A.B. asks: 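Submitted below is the structure of interest, expressed as structure tokens.
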Amino acid sequence: MLFFPEASPALLPAANTFKYEGYHALVFPFHHNPWTISKEQFSDMLATTVKWFHRVYAENLSYRYPHMNWDSLPRASASQVHPHFQISMNPVRYYGQIEHTRIVARQYAQKNDGRNYFSDLVKVHAALGLAVVHGEAVAIASLTPKKEEEIVILTREFNEDYIHLFYCVFRSFFKRRHYAISSATAFPSMENFADPTSDDSCSNEDFISWTSKRYE
């Protein structure tokens with residue numbers, strides 16, 4: 001486990017007792033109620049998560065794929081009511097649907113003269129009135145959800161636009177009394193995240209996505 005002397009005093013990064021990855025940690029606020037997390041607290045949690053990714057990569061360059069889960073409440077598979085991010089790094093691939101999407105995006109670019117899968121995905125949703133843009137980030141109401149009311153957030157880099165839109169999506173669920181949320185985030189592979197100018201033959205991999213699902 002790598003600790004963060006620079007982390008916000010309102011947060012605590014910690015090791016996970018039941019690891020499913022070589023590098024696997026938790027980030028949680030001292031604030032207990034997930035429904036009343038402020039944007040500042042939420043932003044601090046994300047910033048600490050990103051610092052942890054960079055610290056892991058600096059220690060072991062083979063761990064390249066950063067991933068974050070946040071499940072809110074036991075109905076959405078959370079083991080504790082207290083809000084916490086599950087953060088991990090994998091040396092080979094992303095997990096599940098996110099890895100499948102990355103492969104599909106690469107194949108799409110190869111078959112369509114280098115077109116960006118995510119850009120075209122956003123255009124289709126925008127044409128149907130299913131996209132909201134905030135600066136450099138965009139949220140879409142997925143046409144092919146795994147669960148009802150699935151939202152996907154896309155952006156090319158980790159910035160304030162992404163954080164703001166991410167927070168607003170969760171607040172919109174909570175305001176409608178939908179509290180059980182399961183989510184997954186894929187950050188760019190670390191060679192791109194650590195050095196945005198790196199030469200990557202597949203720009204479709206350089207993305208951050210967020211999926212959130214409501215459970216009745």
Side-chain angles (χ1 to χ4, degrees), residues 39 42-43 45-47 49-50 53-54 57 63-70 85 87-90 92-173 181-214:
K39 182 182 175 183
F42 188 73
S43 180
M45 291 176 71
L46 283 173
T49 294
V50 170
F53 290 151
H54 285 283
Y57 187 62
Y63 279 78
R64 303 166 49 219
Y65 298 102
H67 193 273
M68 182 183 82
N69 285 343
W70 182 20
F85 290 169
I87 57 177
S88 61
M89 297 275 282
N90 187 288
V92 179
R93 51 172 288 167
Y94 292 107
Y95 305 132
Q97 182 181 355
I98 292 173
E99 175 66 10
H100 174 72
T101 303
R102 184 174 76 104
I103 293 171
V104 168
R106 172 172 287 183
Q107 293 173 343
Y108 183 86
Q110 292 171 344
K111 295 177 180 178
N112 293 277
D113 299 321
R115 291 180 64 90
N116 188 292
Y117 170 82
F118 299 103
S119 295
D120 287 353
L121 183 69
V122 169
K123 289 176 183 177
V124 170
H125 283 77
L128 296 173
L130 299 175
V132 174
V133 177
H134 178 71
E136 297 179 6
V138 58
I140 61 175
S142 177
L143 285 167
T144 56
K146 289 283 187 179
K147 186 69 175 176
E148 69 273 9
E149 299 191 38
E150 182 176 272
I151 305 297
V152 179
I153 299 177
L154 300 167
T155 184
R156 291 188 179 278
E157 61 184 45
F158 180 79
N159 55 31
E160 181 59 31
D161 294 335
Y162 167 71
I163 294 171
H164 178 79
L165 194 54
F166 191 164
Y167 181 73
C168 286
V169 166
F170 264 90
R171 290 305 305 167
S172 71
F173 281 115
I181 307 297
S182 182
S183 56
T185 304
F187 291 80
S189 57
M190 289 307 299
E191 59 265 50
N192 294 324
F193 206 179
D195 179 13
T197 64
S198 65
D199 182 18
D200 190 321
S201 61
C202 184
S203 62
N204 284 278
E205 291 186 5
D206 194 11
F207 73 96
I208 305 173
S209 67
W210 180 268
T211 306
S212 50
K213 308 168 187 177
R214 180 172 68 83

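The shown structure was predicted, so the numbers you read here are calculated from the model rather than taken from an experiment. For this chain, numbers begin at 1 and follow the sequence in order.
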A.B. asks: If you measure from CD1 on Ile87 to OG1 on Thr49, what distance do you get to the nearest 0.5 Å?
C.D. replies: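 Separation between the atoms: 4.5 Å.
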A.B. asks: Supply the atom-to-atom distance Glu160 CD to Thr155 OG1, rounded to the nearest 0.5 angstrom.
C.D. replies: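 Glu160 atom CD to Thr155 atom OG1 measures 11.5 Å (nearest 0.5 Å).
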A.B. asks: Can you tell me if Ser189 uses its side chain to pair, donor with acceptor, with the backbone of Arg64 under 3.5 Å?
C.D. replies: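 No, Ser189 side chain to Arg64 backbone: no donor-acceptor pair under 3.5 Å.
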A.B. asks: Taking all atoms of both residues into account, what is the closest heavy-atom pair of Ser119 and Arg156, and its distance?
C.D. replies: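 Scanning both residues completely, I find the closest heavy atoms to be OG-NH2, 3.6 Å.
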A.B. asks: Residues in salt bridge (Lys or Arg N to Asp or Glu O under 4.0 Å) with Glu136, at least two apart?
C.D. replies: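 Residues passing salt bridge (Lys or Arg N to Asp or Glu O under 4.0 Å) with Glu136: none at all.
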A.B. asks: Any side-chain to backbone donor/acceptor pair from His125 onto Leu121? Under 3.5 Å, distance only.
C.D. replies: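 At least one qualifying donor-acceptor pair exists.
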A.B. asks: Would you name the heavy atoms of Leu154 and Val122 that are closest together and state the gap between them?
C.D. replies: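 Shortest heavy-atom contact: CD1-CG2, 3.8 Å.
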A.B. asks: Test your reading of the model: is there a side-chain donor-acceptor pair from Ser43 to the backbone of Lys39, 3.5 Å cut-off?
C.D. replies: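 The answer is no, because no donor-acceptor pair under 3.5 Å joins these two groups.
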A.B. asks: On a heavy-atom basis, which atom in Pro66 and which in Met190 lie closest, and how many Å separate them?
C.D. replies: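 That would be CG-SD, 3.8 Å.
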A.B. asks: For Val133 and Gly135, work out which heavy atoms get closest and say how close.
C.D. replies: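 In this case the closest contact between Val133 and Gly135 is CG1-O, 3.6 Å.
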A.B. asks: By side chain to side chain donor-acceptor pair (under 3.5 Å), which residues pair with Asn90, not counting sequence neighbours?
C.D. replies: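 Residues passing side chain to side chain donor-acceptor pair (under 3.5 Å) with Asn90: Glu21.
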A.B. asks: Quick one, Leu128 with Leu143, criterion side chain to side chain contact (heavy atoms under 4.5 Å, CB included). Give me CA distance, side-chain angles, the key distance, then yes/no.
C.D. replies: CA-CA 10 Å; Leu128 296 173; Leu143 285 167; 3.7 Å; yes
A.B. asks: With sequence neighbours excluded, what pairs up with Ile103 under the side chain to side chain contact (heavy atoms under 4.5 Å, CB included) test?
C.D. replies: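 Only Glu99, Gln107 meet the side chain to side chain contact (heavy atoms under 4.5 Å, CB included) criterion with Ile103.
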A.B. asks: Side chains of Glu149 and Phe173: closer than 4.5 Å at any heavy-atom pair?
C.D. replies: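 Yes, close enough: below the 4.5 Å cut-off.
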A.B. asks: Do Asn112 and Tyr117 come within less than 4.5 Å of each other through their side chains, counting heavy atoms only?
C.D. replies: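 They are not in contact (no side-chain heavy atoms under 4.5 Å apart), so the answer is no.
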A.B. asks: What closest approach, in Å, do Ala141 and Ile151 show between heavy atoms, and which atom pair accounts for it?
C.D. replies: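 Looks like CA-CD1, 4.0 Å.
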A.B. asks: Ring-plane angle category for Phe170 and Phe42, please: parallel below 30°, perpendicular beyond 60°, tilted otherwise.
C.D. replies: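 Ring orientation of Phe170 relative to Phe42: tilted.
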A.B. asks: What I'd like to find out is whether the side chain of Leu130 reaches to under 4.5 Å of the side chain of Ile140, using heavy atoms alone.
C.D. replies: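 Side chain of Leu130 against side chain of Ile140, heavy atoms only: no contact under 4.5 Å found.
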A.B. asks: Kindly give the heavy-atom pair with the smallest separation between Val169 and Ala139, and that separation in Å.
C.D. replies: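 It is CG2-CB, 4.5 Å.
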A.B. asks: Hey, could you give me the OG/CZ distance between Ser88 and Phe53, rounded to the nearest 0.5 Å?
C.D. replies: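 Output value for this atom pair is 7.0 Å.
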A.B. asks: When rounded to the nearest 0.5 angstrom, what distance separates CZ in Phe85 from OG in Ser183?
C.D. replies: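 Answer for the CZ-OG pair, Phe85 versus Ser183, is 7.5 Å.
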A.B. asks: Give, for atom CD1 of Ile98 and atom NE2 of His100, the distance between the pair rounded to the nearest 0.5 Å.
C.D. replies: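 Spacing of CD1 (Ile98) from NE2 (His100) equals 12.5 Å.
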A.B. asks: Mind checking whether Phe158 and Phe187 have parallel, tilted or perpendicular rings, split at 30° and 60°?
C.D. replies: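 Ring orientation of Phe158 relative to Phe187: tilted.
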A.B. asks: What residue among Tyr94, Tyr57, Tyr95 forms ring-ring contact (aromatic ring centres under 6.0 Å, His included) with Tyr65?
C.D. replies: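 Of Tyr94, Tyr57, Tyr95, ring-ring contact (aromatic ring centres under 6.0 Å, His included) with Tyr65 is met by Tyr94 alone.
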A.B. asks: Got a second to check how far Gln97's CD is from Lys146's NZ, nearest 0.5 Å?
C.D. replies: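 The CD atom of Gln97 sits 5.0 Å away from the NZ atom of Lys146.
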